[in-house]
4 protein chains.
Amino acid sequence: MALADGGPCGRPRGRPRSTECTAAILRATTELLDERTYAAVSIEDIAARAGVSKQTIYKWWPSKAKLAMEACAARAADSYPIPDTGTVEADLLQLLREVFALLRRGNSRATWASLIAESQSDPELAKEFRETYVAARRRIGATILERGIARGELPAGTDVEAVLDLLYGPIWYRMLLRNGALDDKYARFIVAHLMPGLLRR
Amino acid sequence: MALADGGPCGRPRGRPRSTECTAAILRATTELLDERTYAAVSIEDIAARAGVSKQTIYKWWPSKAKLAMEACAARAADSYPIPDTGTVEADLLQLLREVFALLRRGNSRATWASLIAESQSDPELAKEFRETYVAARRRIGATILERGIARGELPAGTDVEAVLDLLYGPIWYRMLLRNGALDDKYARFIVAHLMPGLLRR
Amino acid sequence: MALADGGPCGRPRGRPRSTECTAAILRATTELLDERTYAAVSIEDIAARAGVSKQTIYKWWPSKAKLAMEACAARAADSYPIPDTGTVEADLLQLLREVFALLRRGNSRATWASLIAESQSDPELAKEFRETYVAARRRIGATILERGIARGELPAGTDVEAVLDLLYGPIWYRMLLRNGALDDKYARFIVAHLMPGLLRR
Amino acid sequence: MALADGGPCGRPRGRPRSTECTAAILRATTELLDERTYAAVSIEDIAARAGVSKQTIYKWWPSKAKLAMEACAARAADSYPIPDTGTVEADLLQLLREVFALLRRGNSRATWASLIAESQSDPELAKEFRETYVAARRRIGATILERGIARGELPAGTDVEAVLDLLYGPIWYRMLLRNGALDDKYARFIVAHLMPGLLRR
DNA sequence: CAATAAACGAGACGGTACGTCCCGTCTTCAG
DNA sequence: CTGAAGACGGGACGTACCGTCTCGTTTATTG
């Protein structure tokens with residue numbers, strides 16, 4: 001029991017993975033993605049910027065997409081807490097504002113868009129994208145809605161998953177297809193139009 | 001006026017553009033996009049399949065993306081009429097059903113997704129995408145909403161553009177990020193939850 | 001007759017192969033092989049020096065070895081005539097002198113050595129090497145010997161092929177294993193010691 | 001004596017493990033060189049086969065070539081005695097037969113060829129090759145010739161070194177450039193044609 | 001009915017990045 | 001301290017397409 005704790009196969013052998021390397025690679029990736037579009041960033045560019053050999057990158061990441069995803073996600077690591085103001089409406093509004101703020105950092109918006117695209121032709125990537133990043137954000141929305149149901153604010157039969165699609169959909173739509181503003185006005189509009197359909201009649 | 005009819009600068013000289021060629025290229029593109037992912041289809045593949053030289057493709061289309069977009073759009077050419085049942089709710093429902101049906105044809109869904117991705121790093125493409133294809137669909141929704149306003153079903157101050165974001169957003173969201181079903185149930189869910197926020201209080 | 005002359009399959013289609021390219025590649029190869037060792041010359045170096053893309057090289061030559069062989073052989077293209085002085089001894093002496101002179105040009109000696117090595121692990125290359133370059137030189141020696149036999153200078157039963165091995169062997173030996181001088185003295189020594197074993201008793 | 005011989009795990013304070021290592025590395029090298037061409041064997045392959053880390057190899061051998069040379073030479077370690085039959089002709093014949101026999105073992109022939117090639121671009125290796133392996137074999141031939149001179153069979157002024165070139169040259173020539181048989185017939189031919197030029201007139 | 005001009009097939013070409021292989025060096029840990 | 005395990009920087013490999021560029025051929029219109 002105590003021993004098994006150490007990992008799957010005991011002590012690591014050989015030279016340990018360099019944390020500096022990992023950091024340099026992620027940093028270089030983030031920088032380059034902020035400077036240019038995803039498509040214009042090559043693995044060779046990243047290697048050069050990070051002062052690392054290509055092989056080291058290929059050793060730890062299977063593709064540019066996975067690397068970009070990780071680099072992009074690291075930015076959102078200092079995760080915001082789940083809003084809890086007392087009403088579903090205020091909670092959702094705050095949630096949207098935080099999401100918008102995140103997407104405004106650097107080139108995140110365009111990068112995420114490219115990753116979504118990439119994931120259309122890479123099922124493995126799509127899976128990770130959905131299960132790790134999309135799911136994480138949905139869980140926050142789900143918590144808010146479930147609290148609303150528990151509180152009696154929303155009806156018991158609410159289809160939480162589907163409501164989340166209505167909540168998040170408009171964000172990605174503007175971001176990907178319309179190149180529209182993700183601002184406070186839009187956040188308020190979404191919530192204002194969603195609430196009447198949600199509340200107990 | 002009468003002269004302008006022939007084209008921008010008089011009569012065409014030389015050998016006219018081969019319609020067979022154009023058709024063969026579009027057909028080959030459609031076929032290949034149905035067989036593989038967008039990323040796995042190269043211009044050289046298309047040329048080979050169409051029995052055409054690369055140059056001929058480059059002559060008429062600036063990029064694989066534009067070509068794919070045209071091939072994909074041709075599928076929706078036999079365009080549905082704007083629904084007009086008498087109520088906004090029924091109109092919107094029918095609209096969504098028609099959109100869903102289109103996206104189920106062949107590999108359209110994945111291809112559109114890839115094009116959206118591509119357009120993130122190609123402003124020219126993004127512009128065309130937005131102005132031609134997205135706008136065309138939005139106009140239908142806008143017409144429905146405006147009729148509702150005229151009819152007094154919806155309040156006069158309705159922000160039509162923003163409402164359309166709420167309407168179309170959830171579709172693309174499921175399609176791109178969730179890989180979820182675009183079925184009748186979803187169409188009804190969207191409309192049902194949207195209406196309370198729209199109707200005159 | 002007149003038509004068949006044009007080639008195996010009529011007119012060549014598409015853009016014709018650039019003779020400038022071919023020349024530039026061979027020139028670059030020769031230059032680089034004179035500057036450095038065979039092992040230190042990469043296809044990428046050659047491409048860079050020739051101002052040509054790697055692909056163009058790979059299109060026409062299957063390997064660095066074949067390219068080097070061709071470049072090296074081009075140097076000996078202005079081929080010397082078969083000596084014909086009247087005696088086998090004088091003919092062979094002149095032959096050796098000419099061979100030595102060729103091997104002294106640029107870095108030929110080291111390059112041929114590397115090609116011989118390479119051909120040990122590349123049967124295709126070995127075949128070409130033997131059939132094209134080695135055979136061409138042996139043919140000259142064979143002619144000299146056969147004239148000697150016809151003239152009655154050498155016995156009728158002389159094993160020409162084996163004698164050629166005795167003639168050429170010592171050259172390559174000095175060149176490859178001993179790094180010894182290929183000078184006039186050596187040429188005379190070889191011939192002087194070979195003749196007694198050859199002449200009619 | 002008997003105890004020390006015992007094996008790898010006899011004495012706790014016994015011989016250092018390095019001899020086992022050395023043996024394993026040489027064995028692996030020999031095996032791999034017999035299975036594939038020199039070029040197709042990498043240091044990493046050898047390390048893997050020997051169950052040894054790369055570093056251990058680099059610690060003792062500066063290059064794959066040196067290692068291969070040693071492994072290849074080890075095969076000839078059970079060195080044949082210098083022939084001494086009474087006549088130069090018979091001695092040389094026996095010498096050639098023994099050399100041929102050695103070169104027929106495993107892949108020796110191809111490996112030596114590759115080493116010769118490698119030595120063209122590695123002066124350090126060339127030096128060792130010449131001074132250690134080539135010289136060792138030449139010394140045997142030299143001894144035979146010098147005995148012949150002492151015996152009065154060969155003239156006093158014989159240029160031993162140059163004669164050795166005539167003797168060994170044809171071997172390597174067949175081996176490297178002609179891929180021809182190294183058989184008894186060839187041995188007899190070489191000696192038979194060499195002798196008339198050597199013997200006192 | 002030429003002459004002209006564009007469309008077209010074929011394919012060579014310069015270029016960029018790919019993902020892989022192996023080199024030789026390094027860093028850590030076990031015995 | 002030796003040696004295994006293996007991470008790392010580096011450099012070349014051979015490949016895949018890109019988009020451009022000649023060519024020769026085909027198919028219209030125009031003088």
Under 4.0 Å, heavy atoms only, any strand: does C/W60 hit a base, just the sugar-phosphate, or nothing?
sugar-phosphate
If you assign each of B/T22 and A/P62 to its closest nucleotide in DNA chain E, which residue comes earlier from the 5' end?
B/T22
Counting C-beta onward and ignoring hydrogens, is there a side-chain heavy-atom pair between A/T37 and B/Q120 closer than 4.5 Å?
no
Who pairs with C/F129 by ring pair (Phe, Tyr, Trp, His ring centres under 6.0 Å), at least two apart in sequence or on another chain?
C/W112
Can you tell me how far [atom2] of [N] sits from [atom1] of [X], to the nearest Å?
| X | N | atom1 | atom2 | result |
| --- | --- | --- | --- | --- |
| A/R17 | E/dC26 | CZ | C1' | 17 Å |
| A/E20 | E/dT28 | CD | P | 10 Å |
| B/K64 | F/dA16 | NZ | C1' | 12 Å |
| A/L67 | E/dA17 | CG | P | 16 Å |

Taken in chain and number order and not counting sequence neighbours, the residues that satisfy side chain to side chain donor-acceptor pair (under 3.5 Å) with C/T22 are C/R17
Excluding sequence neighbours, so at least two apart, what forms salt bridge (charged side-chain N to carboxylate O under 4.0 Å, His left out) with B/E128?
B/K66
Return no unless some side-chain N or O of B/R15 is found under 4.0 Å from OP1 or OP2 of E/dA6.
no
Any residue of residues 30-58 of chain B with a heavy atom less than 4.0 Å from an atom of DNA chain E:
B/G51, B/V52, B/S53, B/T56
Scan for side chain to side chain donor-acceptor pair (under 3.5 Å) pairs involving residues 38-48 of chain A, sequence neighbours excluded, and state none if there are none.
A/R36-A/D45, A/Y38-A/E118, A/S42-A/D45, A/E44-A/K54
Please identify each residue that fulfils side-chain contact (heavy atoms from CB on, under 4.5 Å) with C/T30, with sequence neighbours left out.
C/D34, C/A71, C/R75
